[in-house]
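Position 1 is the first residue of the sequence, and the numbers go up from there.
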Amino acid sequence: MLNGPMVEVKDLKVSFFTKLGEVKAVDGISYQVARGKVMGIVGESGCGKSVSSFSLMGLLSQPGKIVGGEILLDGVNLTNLGNSEYEGVRGNKMAMIFQEPMTALNPVLRIGYQISEQIIKHMGFSKIQAKNRAFELLELVGIPSPQKRFHEYPHQLSGGMKQRAMIAMALSCEPEFLIADEPTTALDVTIQAQILELIQSLQKKLNMTVQFITHDLGVISEIADDVMVMYAGRIVESGSCHEIFQNPRHPYTIGLINSLPKLGTRVDELYTIPGSVPGPLELGQGCAYYNRCSKASEKCLMERPQLTGDKSKVACFFPEDHGGIN
């Protein structure tokens, strides 16, 4: 599969079965991530970005369940794998950087042990070899005095250092595919920039394929080759980063870009998209963006637009063809 995409998702559907009914968190999304490229996934909280990525990693927790579709990693359908087979892929072939470092780091185990344990398990290294590899990784991600940090607990590290340690852990078994789930959200602006620069440099150095999740379009413009915009569990627009920012076609994408502050321009208040995202149990058969869109018609209410297009794809009956940015 060396000539094909690293990741191919086909009509993925993920639902959470609650007392109030079935919540369709991811409602039939299909996309590809090219080898050695960065796919940026952007959208508001609750749009399905993280749920889709947890599904790829096989980390979806109850009451969530994949109810349809396929996930192919280097041609292998992950949805057909058992738990033990999935463990062999996770951490080895693919890895994930979580939004909150303490989600991935065990607070009662030393940093070095947590990195070494994974190297021993997946790569068959001896304890000494794994320890030396952990030193190299901590140095690679820019943590000073790696021998000292190796023996420290997560609470002894700053937020930025914990994030770097988590990146070291994710890279420990040299994965070909890396998912970064809003890895800079909890960090201040200076540390954010450092972490983004680190991920970019490591991606190029190791030729990794990356799926980068964020709600920040500014971050996406810096790091992504291709972009996928999600809304209410569906993809509403996708294309190259250049195409999405220079010629956005879906009203939601245009609204997101218009809401960004513009350098050298003073305004009394930033643009905001009117209305709010419908609740997961309130989604009808039509376009989920219907109640917030100035172009919506009765057709949008009754029928769901499909993702179509050549260079870029958009799910809209009345797409903008000339940018539409104010």
Side-chain angles (χ1 to χ4, degrees), residues 1-9 31-41 49-50 52-60 71-79 81 83-101 103-106 111-125 129-130 132-143 162-184 195-214 223-226:
M1 287 298 297
L2 287 177
N3 295 324
M6 174 57 70
V7 176
E8 188 171 7
V9 175
Y31 66 94
Q32 297 180 353
V33 187
R35 291 176 188 276
K37 301 294 184 180
V38 179
M39 167 64 82
I41 303 181
K49 305 186 302 293
S50 294
S52 60
S53 293
F54 273 79
S55 301
L56 263 68
M57 288 294 295
L59 295 174
L60 199 63
I71 300 168
L72 278 66
L73 177 67
D74 206 12
V76 176
N77 189 353
L78 300 181
T79 54
L81 300 184
N83 289 336
S84 59
E85 292 174 302
Y86 224 128
E87 281 187 16
V89 175
R90 187 171 52 236
N92 189 6
K93 185 94 174 176
M94 64 176 176
M96 187 168 183
I97 303 170
F98 295 89
Q99 182 174 347
E100 172 51 55
T103 302
L105 299 175
N106 190 322
I111 292 293
Y113 175 82
Q114 296 186 58
I115 298 174
S116 301
E117 181 185 39
Q118 192 158 279
I119 296 169
I120 292 168
K121 178 181 179 180
H122 289 290
M123 302 185 77
F125 281 26
Q129 288 174 322
N132 290 332
R133 170 71 175 156
F135 287 159
E136 292 173 5
L137 286 163
L138 291 172
E139 188 172 0
L140 180 68
V141 298
I143 292 181
K162 280 198 280 278
Q163 197 72 300
R164 288 172 186 270
M166 191 163 61
I167 294 171
M169 188 183 298
L171 299 177
S172 61
C173 298
E174 301 176 356
E176 295 177 50
F177 177 53
L178 178 69
I179 297 174
D181 185 9
E182 304 210 35
T184 62
I195 295 297
L196 283 177
E197 187 178 347
L198 172 63
I199 292 173
Q200 280 181 298
S201 65
L202 291 174
Q203 184 265 331
K204 289 172 183 174
K205 183 176 181 179
L206 304 175
N207 195 34
M208 284 189 302
T209 304
V210 177
Q211 182 166 299
F212 196 100
I213 303 162
T214 182
I223 201 167
D225 297 298
D226 300 297

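Shortest non-hydrogen contact noted between L56 and Y86 is O-OH, 2.7 Å. Closest approach of A34 to T209, counting heavy atoms only: O-CG2, 3.3 Å. The two residues I97 and A170 make their nearest non-hydrogen contact at CG1-CB, 3.9 Å. Here the closest non-hydrogen pair linking I71 and S55 is CD1-O, 3.7 Å. Between M208 and L178, the shortest heavy-atom contact is CE-CD2, 3.8 Å. Across every non-hydrogen atom of M57 and M94, the tightest pair is CA-CE, 3.8 Å.
For Y31, the ring pair (Phe, Tyr, Trp, His ring centres under 6.0 Å) test picks out no residue, with sequence neighbours left out. By the side-chain hydrogen bond (donor to acceptor under 3.5 Å, both in side chains) test, D181 is found to be paired with S50, residues two or more places apart in sequence or in another chain being considered. For S172, the side-chain hydrogen bond (donor to acceptor under 3.5 Å, both in side chains) criterion is met by Q118, not counting sequence neighbours. When the side-chain hydrogen bond (donor to acceptor under 3.5 Å, both in side chains) test is applied to N77, the partners found at least two apart in sequence or on another chain are T79. Q200 pairs by the side-chain hydrogen bond (donor to acceptor under 3.5 Å, both in side chains) definition with nothing, not counting sequence neighbours. Listed by chain and number, the residues in a salt bridge (charged side-chain N to carboxylate O under 4.0 Å, His left out) with K37 amount to none (sequence neighbours excluded).
From R90, atom CZ reaches atom SG of C173 across 12.5 Å, with rounding to the nearest 0.5 Å. Note that the CG atom of N207 and the CD atom of E176 stand 9.5 Å from one another [nearest 0.5 Å]. Rounding to the nearest 0.5 Å gives a distance of 9.5 Å between CE of M166 and CE of M96. The OG atom of S116 sits 14.5 Å away from the NZ atom of K121 when rounded to the nearest 0.5 Å. In this structure, Q99 CD and S53 OG are separated by 11.5 Å, a value rounded to the nearest 0.5 Å. With values rounded to the nearest 0.5 angstrom, I199 atom CD1 is found 13.0 Å from K204 atom NZ.
None of V38, V33, I179 except one satisfies the side-chain contact (heavy atoms from CB on, under 4.5 Å) rule with V210; the exception is V38. With respect to I167, the side-chain contact (heavy atoms from CB on, under 4.5 Å) criterion is satisfied by exactly one of I143, V141, L137: V141.
The closest side-chain heavy-atom distance from V89 to F177 is not below 4.5 Å. Side-chain contact check for K49 versus E182: some heavy-atom pair is nearer than 4.5 Å. Counting heavy atoms from C-beta on, the side chains of V76 and E85 never come closer than 4.5 Å. Considering only heavy atoms from C-beta on, L206 stays 4.5 Å or farther from E174 through its side chain. With contacts defined as side-chain heavy-atom distances shorter than 4.5 Å, the pair D74/R35 qualifies.
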Query raised in the report: Would D225 and M39 satisfy side-chain contact (heavy atoms from CB on, under 4.5 Å), going step by step from the backbone distance to the final call?
Result: CA-CA 6 Å; D225 297 298; M39 167 64 82; over 6 Å; no

Query raised in the report: What do the steps show when you test L105 against Q114 for side-chain contact (heavy atoms from CB on, under 4.5 Å), and what is the final call?
Result: CA-CA 8 Å; L105 299 175; Q114 296 186 58; 4.1 Å; yes

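Within a 6.0 Å sphere centred on OH of Y113, heavy atoms belonging to other residues, nucleotides or ligands number 12 at most. Other residues, nucleotides and ligands contribute only 12 or fewer heavy atoms inside 6.0 Å of the CD atom of E197.
A donor-acceptor distance shorter than 3.5 angstrom exists from the side chain of Q203 to the backbone of G36, with no hydrogens or angles considered.
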